[in-house]
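All remarks here apply to the structure that follows.
Just so we're clear, the structure is a prediction, and the values are computed from it rather than from any experiment. If you read the sequence from its start, that first residue is 1, and numbering goes on from there.
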Amino acid sequence: MHYDDNKPKYIRYAMYAALAVGAFLFQCSNIALPEIFGARVFLLLPLSVCVAMHEREIPAAVFGAFCGILWDSVSGVEGFNSLVIMILCAVCSILISHLMQNNIVTAFVLSAGTIAIYELLYIVVNFGFGGAGNPVRQIFTFYLPSFIYTIIFVPAFYGLTYYIFKTHKTE
């Protein structure tokens with residue numbers, strides 16, 4: 001086996017990482033993507049799902065952990081994002097490889113499910129164990145608008161990851 005055969009794969013991974021860092025910077029910047037009626041955008045979730053749809057389970061999980069580590073670096077909950085996003089990416093990759101077709105409709109379905117599961121887990125961890133605030137009010141004033149604000153970025157991320165995967169394919 002020649003190591004040069006894997007060069008497109010490593011270029012693809014580097015491009016995914018650069019895309020993740022860019023999405024992270026946009027997600028954390030209130031200037032680039034401002035809050036709309038208190039809703040924030042979670043760009044790393046649909047990006048990690050779209051990458052997981054094009055990769056096998058282990059690379060998808062590693063990319064999910066990378067996105068989660070980026071997010072954990074600015075959030076107050078250490079390890080939560082990396083663990084949850086890693087598991088969700090591995091599950092998305094398994095679903096695509098065994099049960100679902102890889103297309104834009106599936107990207108919307110998996111992204112919507114991933115965002116909903118992430119938000120529900122965050123609510124359970126934050127409000128269930130922390131006891132901070134009224135979770136029902138937070139669902140309708142923050143999490144549901146954030147869900148809608150985030151889901152509109154799925155076509156852009158799916159198109160970018162599809163292009164990167166097709167142009168840097170290893171066979």
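Two rings, from Y163 and H54, have their centers 6.0 Å or more apart.
Looking only at distances, a side-chain donor or acceptor of S48 sits under 3.5 Å from a matching main-chain atom of L44. At distances below 3.5 Å, at least one donor-acceptor pair connects side-chain atoms of S146 with backbone N or O atoms of R40. Side-chain atoms of S82 never come within 3.5 Å of backbone atoms of A65 as a donor-acceptor pair (strictly under, hydrogens ignored). The backbone N or O of L70 lies less than 3.5 Å from a partner atom in the side chain of S73, making a donor-acceptor pair. Using a distance-only test at 3.5 Å, with no hydrogens or angles considered, a donor-acceptor pair links the side chain of Q27 to the main chain of L43. Side chain of D72 to main chain of E78: no donor-acceptor pair is present (N/O by atom type, distance under 3.5 Å, no hydrogens or angles).
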Walk me through whether H168 and M15 qualify under side chain to side chain contact (heavy atoms under 4.5 Å, CB included). CA-CA 10 Å; H168 297 87; M15 292 175 84; 3.4 Å; yes
Before you tell me yes or no, could you show the steps for V62 and Y13 under side chain to side chain contact (heavy atoms under 4.5 Å, CB included), namely the whole-Å CA-CA distance, both residues' side-chain angles and the distance that decides it to 0.1 Å? CA-CA 10 Å; V62 169; Y13 293 163; over 6 Å; no
Derivation of the side chain to side chain contact (heavy atoms under 4.5 Å, CB included) call for L47 and F24: CA-CA 10 Å; L47 173 63; F24 168 71; over 6 Å; no
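Between F80 and Y122, the ring-plane angle classifies as perpendicular under the 30° and 60° cut-offs. Aromatic ring pairs are classed by plane angle as parallel below 30°, tilted from 30° to 60° and perpendicular above 60°; the pair F66 and F63 is tilted.
Note that the CD1 atom of I85 and the CZ atom of F42 stand 10.5 Å from one another [nearest 0.5 Å]. With rounding to the nearest 0.5 angstrom, the SG atom of C89 is 12.0 Å from the CD atom of E57. Rounded to the nearest 0.5 Å, atoms CD1 (I87) and OG1 (T114) are 12.0 Å apart. Taking CG from N102 and SG from C50, the interatomic distance works out to 9.0 Å, rounded to the nearest 0.5 Å. In this structure, CD1 in I94 is found 10.0 Å from CG in L99, a value given to the nearest 0.5 Å. Between Y16 atom OH and I11 atom CD1 the span is 12.5 Å, to the nearest 0.5 Å.
The two atoms that bring S93 and A60 nearest to each other are CB-CB, 3.8 Å, heavy atoms only.
Criterion: ILVMFWY side-chain heavy atoms under 4.5 Å apart, direct or through other members. Under it, F142 and I115 are part of a common hydrophobic cluster. In the hydrophobic cluster analysis, where Ile, Leu, Val, Met, Phe, Trp and Tyr join through side-chain heavy atoms closer than 4.5 angstrom, V125 is grouped together with I139. F147 and L120 are assigned to two separate hydrophobic clusters, defined by single-linkage of ILVMFWY side chains at heavy-atom distances under 4.5 Å. At a threshold of 4.5 Å between side-chain heavy atoms, the hydrophobic network of Ile, Leu, Val, Met, Phe, Trp and Tyr places V49 and I104 in one connected group. Under the 4.5 Å side-chain contact rule for hydrophobic residues, Y158 and L95 share a cluster.
In this structure, I58 places its CD1 atom where only 12 or fewer heavy-atom neighbours from other residues, nucleotides or ligands lie under 6.0 Å away.
At a threshold of 4.5 Å between non-hydrogen side-chain atoms, the residues I164 and T161 do not count as touching. Counting heavy atoms from C-beta outward, F165 and R12 have side chains that approach closer than 4.5 Å.
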Review item, side-chain donor-acceptor pairs of residues 106-113, under 3.5 Å, at least two apart:
| from | atom 1 | to | atom 2 | distance (Å) |
| --- | --- | --- | --- | --- |
| T106 | OG1 | Q101 | O | 2.8 |
| T106 | OG1 | N103 | OD1 | 2.8 |
| S111 | OG | A107 | O | 2.8 |

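Defined by atom type and a distance below 3.5 Å, a donor-acceptor pair is present between the side-chain atoms of N81 and Y118.
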